[in-house]
Amino acid sequence: MLSEKGELSAGVHISPKGNASINGAYAVSNHFGVLFSGSYMKNERSTKDFRHKLLEVGGGYIDTFGPDNNRIIEIYVGYGGGSADRNYRSYDDHKVLTSSTQEEITFAKTFIQVNYSSKKNSYLKLFGNSYALNYGTAIRISHVGMNTFLINNIGQPKEDNMFIEPVFFTRMRLSDAVQLQYTSSGNFGLKDRKFMTAGNSIFTIGAVVNLGGKKPGSK
């Protein structure tokens, strides 16, 4: 959601399932921005453990338009990489462990992402106060390919996939710089794969800080 040279946007988000992410973007000029993001997820259960790490960087075109120049379009391309570890366990009727499978994956990804957002506000009245709301969406197309794939320390044939990920967010402004953000996203794989498959939908809540750029209502 960059609008002009020198603007910095950074956010931290967490999901109910324990997925934590940090992301940011900086407008190098009025029409070029760079972005970075990182995420970490750890979920432990008796029958399945899952751990996921990812880092991404990218750059691309940004522009504003509309009657008050408060609509924003961004087009980014980028590269990332990470790892995923999964452990599956089975038990008999007496809760005795009968089998255990460990999967270890490292991967690389490339992506193109188109963002549309607006600094035009609607308002929510809550507990006697009025809070400005704004909205946005992004569509990302990614190619993800395994670099290594082990099952119980034995090498396996590597897989890849193409994914489409739509993202929708709502932001509630607490001040000129700080906003709360609710995000929902889906993930759809375009190839039929056994291991490199799409993940579940994700819902996160977090905080976003914007420094510089066009303020709401400015032209």
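Here the OG atom belonging to Ser130 is positioned 12.5 Å from the CZ atom belonging to Arg173, to the nearest 0.5 angstrom. With values rounded to the nearest 0.5 angstrom, Ile73 atom CD1 is found 11.5 Å from Thr64 atom OG1. The CD1 atom of Ile22 sits 10.5 Å away from atom CG of Leu55, with the distance rounded to the nearest 0.5 Å. Taken to the nearest 0.5 Å, the OG atom of Ser39 stands 5.5 Å off from the CG atom of Asn19. Expressed to the nearest 0.5 Å, how far OG of Ser3 lies from CG of Asn30 amounts to 9.0 Å. In this structure, CG in Leu124 is found 10.5 Å from OG1 in Thr170, a value given to the nearest 0.5 Å.
A salt bridge links Arg140 with Glu56: at least one charged nitrogen is closer than 4.0 Å to a carboxylate oxygen. A salt bridge is absent between Asp49 and Lys42: the closest approach of a Lys/Arg side-chain nitrogen to an acidic carboxylate oxygen does not fall below 4.0 angstrom.
Both Ile141 and Leu190 sit in one connected hydrophobic cluster of ILVMFWY residues. Membership requires side-chain heavy atoms under 4.5 Å apart, directly or through other members. Tracing side-chain contacts under 4.5 Å through hydrophobic residues (I, L, V, M, F, W, Y), one never reaches Ile72 starting from Ile75; they form parts of separate clusters. Side-chain heavy atoms closer than 4.5 Å link hydrophobic residues (I, L, V, M, F, W, Y) into clusters, and following such links, possibly through other members, connects Val209 to Val34. Side-chain heavy atoms closer than 4.5 Å link hydrophobic residues (I, L, V, M, F, W, Y) into clusters, and following such links, even through other members, never connects Tyr182 to Val178.
Looking at heavy atoms from C-beta onward, Asn161 lies out of side-chain contact with Thr197 at the 4.5 angstrom threshold. Side-chain contact between Ser118 and Asn134: absent, with no pair of heavy atoms (C-beta onward) separated by less than 4.5 Å. Within the 4.5 Å cutoff, side-chain heavy atoms of Arg51 are placed close to those of Tyr40. A heavy-atom distance below 4.5 Å is found between the side chains of Met162 and Lys191. No side-chain heavy atom of Val167 sits less than 4.5 Å from a side-chain heavy atom of Gln113. Side-chain contact between His31 and Asp63 is present, with at least one heavy-atom pair separated by less than 4.5 Å. No side-chain heavy atom of Asn23 sits less than 4.5 Å from a side-chain heavy atom of Leu35.
Sorted by first and then second residue, the ring-ring contact (aromatic ring centres under 6.0 Å, His included) pairs with a member in residues 67-101 form an empty list; sequence neighbours excluded.
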Checklist entry - Under the side-chain contact (heavy atoms from CB on, under 4.5 Å) criterion, do Phe111 and Glu165 qualify, and how do the steps go? => result CA-CA 10 Å; Phe111 66 86; Glu165 182 181 7; over 6 Å; no

Checklist entry - Between Leu180 and Leu174, is a side-chain contact (heavy atoms from CB on, under 4.5 Å) present by the stated rule, with each step listed? => result CA-CA 7 Å; Leu180 293 180; Leu174 302 181; 3.8 Å; yes

Item to check | Intermediate values then yes/no, side-chain contact (heavy atoms from CB on, under 4.5 Å), Gln181 and Ile205 | outcome: CA-CA 6 Å; Gln181 178 171 307; Ile205 188 168; over 6 Å; no

Item to check | Verdict with supporting geometry, Thr101 and Glu103, side chain to side chain donor-acceptor pair (under 3.5 Å) | outcome: CA-CA 7 Å; Thr101 302; Glu103 299 176 1; over 6 Å; no

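Under the 6.0 Å distance and 45° angle rule, Arg71 does not count as a cation-pi partner of Phe65. Cation-pi geometry between Arg193 and Phe195 is not satisfied (NZ or CZ under 6.0 Å from the ring centre, within 45° of the ring normal).
Looking at every heavy atom in both residues, Asn187 comes nearest to Ala198 through O-CB, 3.3 Å. Contact detail for Pro16 and Phe203: the closest heavy-atom pair is CD-O, 3.1 Å. Shortest non-hydrogen contact noted between Ser83 and Phe107 is N-CE2, 3.4 Å. Summarising the geometry of Ala177 relative to Leu211, their closest heavy-atom pair is CB-CD2, 4.2 Å, with the distance given to 0.1 Å. Closest approach of Ser15 to Ile202, counting heavy atoms only: CB-CG2, 4.3 Å. Ser46 approaches Arg89 most closely through the heavy-atom pair O-NE, 3.0 Å.
Under the ring pair (Phe, Tyr, Trp, His ring centres under 6.0 Å) criterion, Phe168 pairs with no residue at all, not counting sequence neighbours. For Glu159, the side-chain hydrogen bond (donor to acceptor under 3.5 Å, both in side chains) test picks out no residue, with sequence neighbours left out. Residues satisfying the ring pair (Phe, Tyr, Trp, His ring centres under 6.0 Å) criterion with His143, sequence neighbours excluded, are absent altogether. Considering only residues two or more places apart in sequence or on other chains, Tyr116 meets the side-chain hydrogen bond (donor to acceptor under 3.5 Å, both in side chains) condition with none of them.
Residue Asp92 qualifies as enclosed at atom CG: its count of foreign heavy atoms under 6.0 Å is above 12. Other residues, nucleotides and ligands contribute at most 12 non-hydrogen atoms within 6.0 Å of the NZ atom of Lys53.
Taking the six-membered ring wherever Trp is involved, the centroid distance between the rings of His13 and Phe169 does not fall below 6.0 Å.
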Table please: side-chain donor-acceptor pairs of residues 144-157 below 3.5 Å, with sequence neighbours left out.
from   : atom 1 : to     : atom 2 : distance (Å)
Thr148 : OG1    : Thr106 : OG1    : 2.5
Asn152 : OD1    : Gln102 : N      : 2.9
Gln156 : NE2    : Ile154 : O      : 3.1

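Judged by distance alone, the side chains of Glu7 and Ser9 never bring a donor and an acceptor atom under 3.5 Å apart.
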